[in-house]
There are 2 protein chains.
Amino acid sequence: MAVKGKRRGRPVSSQPGLSAERIIEQAHQLLLSEARVPSLRSLAAQLQVDVMALYHYFPNKAALLEALCCTLVSGVYQPEAGQDWRQELTRLSRSYLQLLADHSGLLQTLLSMTSAGPAQVFGERFEQALAPLALDSEQRQQALCLLVDYLHGFALALHAAPGALSLEDLDGPLGFYLDGLALRRAPS
Amino acid sequence: MAVKGKRRGRPVSSQPGLSAERIIEQAHQLLLSEARVPSLRSLAAQLQVDVMALYHYFPNKAALLEALCCTLVSGVYQPEAGQDWRQELTRLSRSYLQLLADHSGLLQTLLSMTSAGPAQVFGERFEQALAPLALDSEQRQQALCLLVDYLHGFALALHAAPGALSLEDLDGPLGFYLDGLALRRAPS
DNA sequence: TCAATAATTCTACATTGTAGAATTACCTTA
DNA sequence: TAAGGTAATTCTACAATGTAGAATTATTGA
């Protein structure tokens with residue numbers, strides 16, 4: 001079914017028309033307003049277009065969601081050099097968790113992307129924020145894994161049991177983590 | 001549709017018949033063999049029973065999966081008192097992660113259960129393993145959150161990008177975490 | 001003996017993602 | 001300028017899924 005007996009076939013190209021960008025933007029809005037990944041049908045309905053039109057721009061739903069994920073990197077905090085590393089790492093973590101919480105339906109997609117996604121960017125910026133500590137590369141790697149997977153786990157908990165947990169509950173464990181990092185910088 | 005024109009209505013009670021236990025056990029086997037949560041139809045097919053028969057034992061699929069989760073607690077390592085806390089915490093974490101990895105389709109269910117599940121049990125046994133450290137309760141709580149959510153995040157990554165990650169990749173970050181804990185026990 | 005209740009199958013539906021074909025507009029080249 | 005190819009769209013259809021509701025048959029308690 002379509003959007004109400006619209007004329008079939010390619011439309012005249014005067015109107016703005018469909019585009020990958022419009023699709024993604026609309027998907028993003030729906031994701032935020034419904035707080036879950038929209039069905040292709042509801043997405044198509046919002047765009048006043050037949051479902052199958054979406055398939056002209058993306059091979060399948062997963063690809064569409066990946067594309068959406070790629071647009072989210074701007075929400076990841078960019079640490080400033082020269083600032084307190086704890087503060088910068090806290091801001092970075094908060095922004096990333098906020099992003100995950102706002103798009104919790106995308107967690108799976110997020111994690112299955114190997115590059116160019118927010119997870120990747122988080123990793124890069126983590127390194128920047130952590131530079132002042134001058135840890136060796138192995139420790140940095142482990143610290144990153146611990147933090148990023150922790151944040152993913154936190155987001156998952158937030159998603160699975162909403163109400164039982166809130167963003168503020170990040171502070172305690174994050175502080176604990178940061179303390180551990182700090183102790184490591186200055187071995188007695 | 002059923003299992004091929006089986007006689008309708010309640011069956012004679014000589015045979016073993018269906019039960020919540022049989023359903024859960026079969027679901028568990030399918031979960032392991034297909035490496036994903038089975039559909040109710042495939043589950044019913046294995047049990048040679050109509051799909052709707054399952055609804056006599058569970059109000060819905062989520063409840064069935066929760067019940068399954070409850071049977072998994074036996075897979076969580078029980079720390080022994082008097083042993084090295086690092087070793088015990090490592091064994092505990094490994095066993096829990098293994099459990100999560102073997103049942104990754106259940107992550108969501110796992111986290112939405114408020115009690116009696118493996119997550120709960122992990123928490124309790126974490127406290128036991130950590131007793132020798134004599135941390136104050138706030139630090140214990142933070143340490144637990146950090147670890148458990150980390151493990152959930154790790155399991156999610158394992159699930160979303162299989163092949164990119166393996167269980168051994170736990171060791172680095174876990175060691176990092178344990179070092180942090182150790183530093184905290186003996187403040188200089 | 002008979003009514004209630006337990007355990008089951010059958011039919012049906014809404015929702016989802018997606019394949020394949022038909023339709024119409026646009027663009028290039030002869 | 002006509003024709004053939006390609007781009008962008010709608011339509012129809014299907015399979016998979018969870019689940020509601022009713023029909024059917026056995027068991028049990030009064």
Side-chain angles (χ1 to χ4, degrees), chain A residues 1-27 30-31 34-69 105-106 108-109 112, chain B residues 1-27 30-31 34-69 105-106 108-109 112:
Chain A
M1 289 97 192
V3 67
K4 186 78 147 302
K6 217 162 138 185
R7 188 197 184 108
R8 282 185 77 170
R10 179 174 182 160
V12 295
S13 63
S14 37
Q15 273 65 279
L18 211 47
S19 70
E21 290 70 32
R22 273 196 64 212
I23 293 174
I24 291 179
E25 185 184 332
Q26 189 64 253
L30 279 176
L31 177 61
E34 301 181 359
R36 58 199 193 86
V37 174
S39 71
L40 293 182
R41 282 178 165 83
S42 69
L43 176 53
Q46 283 294 310
L47 291 163
Q48 311 207 62
V49 110
D50 184 271
V51 197
M52 293 312 289
L54 305 176
Y55 282 83
H56 185 70
Y57 297 91
F58 303 97
N60 51 47
K61 187 173 187 178
L64 195 163
L65 295 181
E66 282 206 19
L68 208 184
C69 284
L106 294 180
Q108 298 266 139
T109 306
S112 65
Chain B
M1 289 93 191
V3 67
K4 186 73 147 304
K6 215 163 137 186
R7 187 197 185 109
R8 280 185 80 171
R10 179 173 182 162
V12 296
S13 63
S14 37
Q15 272 66 278
L18 209 48
S19 70
E21 289 70 34
R22 274 196 63 212
I23 293 174
I24 290 180
E25 185 184 331
Q26 191 63 252
L30 280 176
L31 177 62
E34 299 179 2
R36 57 198 193 87
V37 174
S39 71
L40 293 181
R41 281 177 165 81
S42 70
L43 177 52
Q46 283 294 310
L47 290 163
Q48 311 206 62
V49 111
D50 184 89
V51 197
M52 292 312 286
L54 305 176
Y55 280 85
H56 184 70
Y57 298 91
F58 302 97
N60 51 48
K61 188 174 187 178
L64 196 165
L65 295 182
E66 282 206 20
L68 209 185
C69 284
L106 294 181
Q108 297 268 138
T109 305
S112 65

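Remember, it's a predicted structure, so these values are computed and weren't measured experimentally. Protein chains get the first letters and strands the later ones, always in sequence-line order, with residue 1 at the start of each.
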**Interatomic distance where NZ belongs to A:Lys6 and C1' belongs to C:dT23 [whole Å]** =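 Atom NZ in A:Lys6 sits about 14 Å away from atom C1' in C:dT23.
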**Prompt:** Quick one: A:Leu64 CG to C:dT16 P, roughly how many Å, whole number?
**Reply:**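 It works out to 15 Å between those atoms.
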**Asked** From A:Arg10 CZ over to A:His56 NE2, what is the distance, rounded to the nearest 0.5 angstrom?
**Response**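 Nearest 0.5 Å value for the CZ-NE2 distance: 8.0 Å.
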**Asked** Do you know which two heavy atoms are closest between A:Leu31 and A:Val37, and how far apart they sit?
**Response**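 Answer, listing the atom of A:Leu31 first, then A:Val37: CD1-N, 3.6 Å.
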So [Y] and [X], do their side chains get closer than 4.5 Å, heavy atoms only?
| X | Y | result |
| --- | --- | --- |
| A:Leu40 | A:Tyr55 | yes |
| A:Lys6 | A:Asp50 | no |
| A:Leu47 | A:Leu54 | yes |

Polar-atom pairs under 3.5 Å, protein N or O versus N or O of nucleotides 19-22 of chain D: list them with distances, or write none.
from   : atom 1 : to      : atom 2 : distance (Å)
D:dT19 : OP2    : B:Tyr55 : OH     : 2.7
D:dT19 : OP2    : B:Lys61 : N      : 3.0
D:dT19 : O5'    : B:Tyr55 : OH     : 3.1

**Message:** Using OP1 and OP2 only, check whether a side-chain N or O of B:Ser13 sits under 4.0 Å from D:dA26.
**Reply:**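 It does not, given that no N or O in the side chain of B:Ser13 lies less than 4.0 Å from OP1 or OP2 of D:dA26.
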**Asked** Does a nitrogen or oxygen in the side chain of A:Ser39 sit under 4.0 Å from OP1 or OP2 of C:dT16?
**Response**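 Indeed, a polar side-chain atom of A:Ser39 lies that close.
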Please name all residues satisfying side chain to side chain contact (heavy atoms under 4.5 Å, CB included) with [X], sequence neighbours left out, ordered by chain then number.
| X | result |
| --- | --- |
| A:Glu34 | A:Leu30, A:Arg36, A:Pro38, A:Ser42 |
| A:Glu21 | A:Ser19 |
| A:Arg41 | A:Ser39, A:Val51 |

**Message:** Each nucleotide in nucleotides 1-8 of chain D should get exactly one letter: B, S or -. Can you fill that in based on protein heavy atoms under 4.0 Å?
**Reply:** ------BB
